[in-house]
Structures are given as C-alpha cells and as structure tokens.
Amino acid sequence: MMARRLPLLLLAGLAAGQGLPPGCNPDSVGEQLAELGLSLDPNATWTGPLLKAEADDVDFAYFEFGNASGPTVVLINGFGTTMAEWGPILPQLLAQDSHVFMFDNPGQGLSIDYSQEPLTIERMAAATTALLEAAGITGDGAGKPILLGWSMGGMVALSMAQQWADKWSGLVLVDTAAGGPDMVLPDAATVEALTCCNGTEANQVLFNYSTPAGLAGACTFEVGAGWMSMALGDWYPNATTSAAQAEAAYAFEQSNSTYAALPAIALPTQVVAGADDLVIPPENAQTLADRLPDAQLYEIPDAGHGAWVQDTADFASRVKEFLATLADADGPVVTPALAAAPPTSAAPPAFGRTWLAIAAVTVAFAATL
Ligand SMILES: *[C@@H]1O[C@H](CO)[C@@H](O)[C@H](O)[C@H]1NC(C)=O
Ligand SMILES: *[C@@H]1O[C@H](CO)[C@@H](O)[C@H](O)[C@H]1NC(C)=O
Ligand SMILES: *[C@@H]1O[C@H](CO)[C@@H](O)[C@H](O)[C@H]1NC(C)=O
Ligand SMILES: *[C@@H]1O[C@H](CO)[C@@H](O)[C@H](O)[C@H]1NC(C)=O
Ligand SMILES: *[C@@H]1O[C@H](CO)[C@@H](O)[C@H](O)[C@H]1NC(C)=O
Ligand SMILES: *[C@@H]1O[C@H](CO)[C@@H](O)[C@H](O)[C@H]1NC(C)=O
C-alpha cells in the first residue's frame, strides 16, 4: 500500500532516502517556533478542525484559523504537494493578524477531484473560487481575500485574478510566472537535475545549496513540511494528479492568455522572487512587475525556488506590511467568524523522531522503485 503512494518529500523534488540537507538540524524548526513564540504543538491544533466543502465537483479539504479581525489570506500551494508544504511557521505568523485559509488543491492530499474535465490552471482557479464562495470567504473592500500563491499556486492565483479580479483585494505572487512570450524557462541542466536520477539533485536546484541561507531554507522546508504532514495526516500527494498538474502548468506557460491580461489586472500585488531561482527564474517576476499596473517586486538574495522559506519571519513581515497597506487603503476589514481555537502551547515534541518516521517511509518507498 505504501509503495503506491508517493511521499510528499519525493514529489516536492526532494531526495528520496537522501536524508536532510548537509548540516540540517531536525530540531531547527522547533527552535524557530520557540524563538518566534509560536505553538510547538506537533498535532498543529492551531489550525482548528479539518473542514470540507464540495465545489465544482471537488470535495475540498481546508482549514481556516487565525485573527478574525484581520484580512483573509488564501494560501495556494505549488506543484505536486499538499498544503503541508507551508510548514508550521508561516501559517502561524500570518495568523497573528490575518484570517488564514489553506486547502489541498483538487485531487491532491485530502481534496478529492470528481470532475471529468481535464485538469488545467483555469479549472483549478475556478474550483478554488467556488470553494471560497462555498466556505463563505467573501467580503467587501479590505474584507475581500488576498491570494498568496507559490509557484504553480501563483499561476492559479493569477488565473483567479484574471477571471474574477473584483473578488480579491490583492495578490502575493512568489516564485511564479504568467507564461506567454516572455516566459524564461529553466535551463536544460535544471530540468535534468529535477527529473533525472531519483531526486538526488532536485533539492539542490530548488534551493541554492552553495549559500548558508539556501541550505537553511532547504532544511526548514524539509523539516517543516514533514512536521505538517505528520500533524495533518495529509502527506500523500497523488502521483496521477501531480502528472496532470505538470501538464496544466506547462499548458499555462505556453499560453499567451494570462500574460496578455496582466495590464488589466489592477490589484495591488506583491511579487517575490528568489534571486537564484533556477526553476522559475526571477526574470519572470520582473515581467509580472513590469506588466501588472500596481505591483512591487522584491528579490530575496541567495534564495532559490523556495524563496519564502529561507527567512520565513522576514517574508511574513513583508506580507504583513503589504496587507496593512491594503487595509489602510480600503478601510476596516469585515470577515466571517472563525471556527478555529486559539493557538496553544505545549512541550517541544521530538523533532528528530518525527523526521526519522518520515524518512523511514520515504526510504521504504525508494526501495520499491
Ligand atoms: C498529539 O496527538 C497524539 C495522538 O492523538 C496524542 O497522543 C498526543 O498527546 C498529542 N500531543 C499533544 C501535544 O497534544
Ligand atoms: C488582529 O489583527 C489586527 C490587524 O489585522 C491587529 O490590529 C490586532 O491586534 C490583532 N489581534 C490580536 C488579538 O492579535
Ligand atoms: C488520484 O487522483 C486521481 C485523479 O483525481 C483519482 O482518480 C485517484 O482516485 C486518486 N488516487 C488516490 C489514491 O486518491
Ligand atoms: C540516487 O541516485 C544517485 C545518483 O544517480 C545515486 O548515487 C544514489 O545511490 C541513488 N539513491 C537511491 C536511494 O536510489
Ligand atoms: C501575446 O500577447 C502580447 C500582449 O497582448 C502580444 O503583444 C503578443 O503578440 C502575443 N503573442 C502571441 C504569440 O500571441
Ligand atoms: C548560489 O549563490 C551563489 C552566491 O550568491 C551564487 O554565486 C551562485 O550562482 C548561486 N547558485 C545558483 C545555482 O543559483
């Protein structure tokens, strides 16, 4: 049974059975949580209960939690993974002054896709919009949700903005691209590293291993995603869906539609790029910033495709500053009441053991290849 399910970390492009990046301390995520005064609960009870909603023939799984008097931030994750990839740090930091909504993409993790239609970025965008409506995540002014998408999730956010700009109050686009004629694709060596072998080299092109900051980001990502996977019981991406997502992202990159629409997407937008991103090179972020009428770009030095995770606290504070400018521009926020319990504190869990449990399953999978 295990052999038929691809572990999160493998599909995130991380090395099966290769262990943590060099020098990665499995306790580092717990140390960061403690330093930031965030909940260390290994069961992540701060997310509140798992919620379900049917929208556009998708049985979605989602969480909503955080500060009910803040704006709603919708986290849209990337290719081949589940919402566990956000780890325990970023969602908790954002939840301090926002209402955080996170979900599994159609057919991924705990979200079951019953649609007979092919998976496209546009269909993911429509289904996500329908999910937010089904969950009552709508509002006026600064009460409208802000879409924060990473990589393929940024493409979904862009498509949501292209199709229904009046439903959102802003965008945060991280390590992503609009496709079209100016799209800068990864070079052949990067594609080779991402697809060759067994994932050994993939982590090194997702993160910049040649800088201490890049290594630290890779460590936080691997340990954090593993932590959330265990906590949410949600850490098996679906290989069939991942293959369909790859096709969908490729078709989006080839299409001119969203690229051509960018000048008409007038939403305030924060564009974020890893200066060393080899997977979606930072030139693509420059294109977004140039063509979107109300966008600001910042590049994170020494960061690869996982730019936001490299210094999660700094990324979160920049997102918060951006959210504050939206609230100032649009007046008070009115968002729906939340089901979530307040964050709790608990004794630090045994992160080493958590990681070992994940690694054991990952190695068991690798052995069946
Ligand atoms: C986490 O969940 C497990 C299993 O339900 C339970 O045994 C454990 O006490 C929980 N840990 C915390 C810190 O709540
Ligand atoms: C909730 O967030 C708002 C800003 O979005 C902030 O002013 C307020 O202090 C936060 N409340 C709590 C309890 O942290
Ligand atoms: C994986 O996704 C496909 C497409 O949505 C679905 O048909 C299949 O049942 C899923 N597999 C699992 C194990 O959930
Ligand atoms: C993965 O591939 C690398 C290089 O091709 C090889 O050295 C390593 O042993 C392989 N690991 C596994 C778990 O198959
Ligand atoms: C793509 O869109 C741009 C902007 O509308 C346009 O200038 C360009 O000719 C289009 N390219 C193709 C291949 O359709
Ligand atoms: C990683 O960062 C170093 C130092 O900034 C830089 O010289 C190198 O080109 C980067 N490597 C990659 C693969 O981007």
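Just so it is clear, the model here is predicted, and its values are computed rather than measured. Numbering of ligands and ligand atoms starts at 1, following listing order.
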Specify the protein heavy atom at minimum distance from atom 11 (N) of ligand 2: its residue, its atom name, and the distance to 0.1 Å. Asn67 ND2, 2.9 Å
Numbered atoms of ligand 6 (with element) below 4.0 Å of Thr211, judged on heavy atoms: 2 (O), 3 (C), 4 (C)
Given Phe103, which partner from the list Asn77, Leu75, Val74 fulfils the side chain to side chain contact (heavy atoms under 4.5 Å, CB included) test? Val74
Going by atom types alone, do Gln163 and Thr129 pair a side-chain donor with an acceptor below 3.5 Å? no
May I ask you to list the atoms of ligand 2 that are less than 4.0 angstrom from any heavy atom of Gly70? 5 (O)
Within a distance of under 4.0 Å, is there any protein heavy atom near atom 2 (O) of ligand 6? yes
Judged by modelled atom types alone, do Gln108 and Thr241 share a side-chain donor-acceptor pair under 3.5 Å? no
Within the 3.5 Å criterion, strictly below it, is a donor on Gln32 or Thr220 matched to an acceptor on the partner's side chain? yes
Test item: Asn25 side-chain N/O and Asp27 main-chain N/O as donor-acceptor pair under 3.5 Å: yes
Heteroatom distance test (Asp302, ligand 6): nitrogen or oxygen, under 3.5 angstrom: yes
Suppose we measure from atom 13 (C) of ligand 6 to each protein heavy atom; which comes out shortest, and what is that distance? Leu278 CD1, 3.6 Å
Closest approach of any protein heavy atom to atom 6 (C) of ligand 6, naming residue and atom: Asn208 ND2, 4.3 Å
Given Val73, Leu132, Leu147, the one that forms side chain to side chain contact (heavy atoms under 4.5 Å, CB included) with Phe101: Leu132
At less than 4.0 angstrom from any non-hydrogen atom of Ser69, what atoms of ligand 2 do you find? 1 (C)
Proximity to ligand 1 by part of Asp41, non-hydrogen separation under 4.0 Å: side chain
What residue and heavy atom of the protein are closest to atom 4 (C) of ligand 2, and at what distance? Asp97 CB, 3.8 Å
Flag if over 12 foreign heavy atoms under 6.0 Å of OH, Tyr298: yes
Counting non-hydrogen protein atoms only, what is the nearest one to atom 14 (O) of ligand 2? Give residue, atom name and distance. Gln96 O, 3.6 Å
In terms of atom number and element, which parts of ligand 1 are under 4.0 angstrom from non-hydrogen atoms of Asn43? 1 (C), 2 (O), 3 (C), 8 (C), 10 (C), 11 (N), 12 (C), 14 (O)
With heavy-atom distances below 4.5 Å as the criterion, would you say the side chains of Phe252 and Ser257 are in contact? no
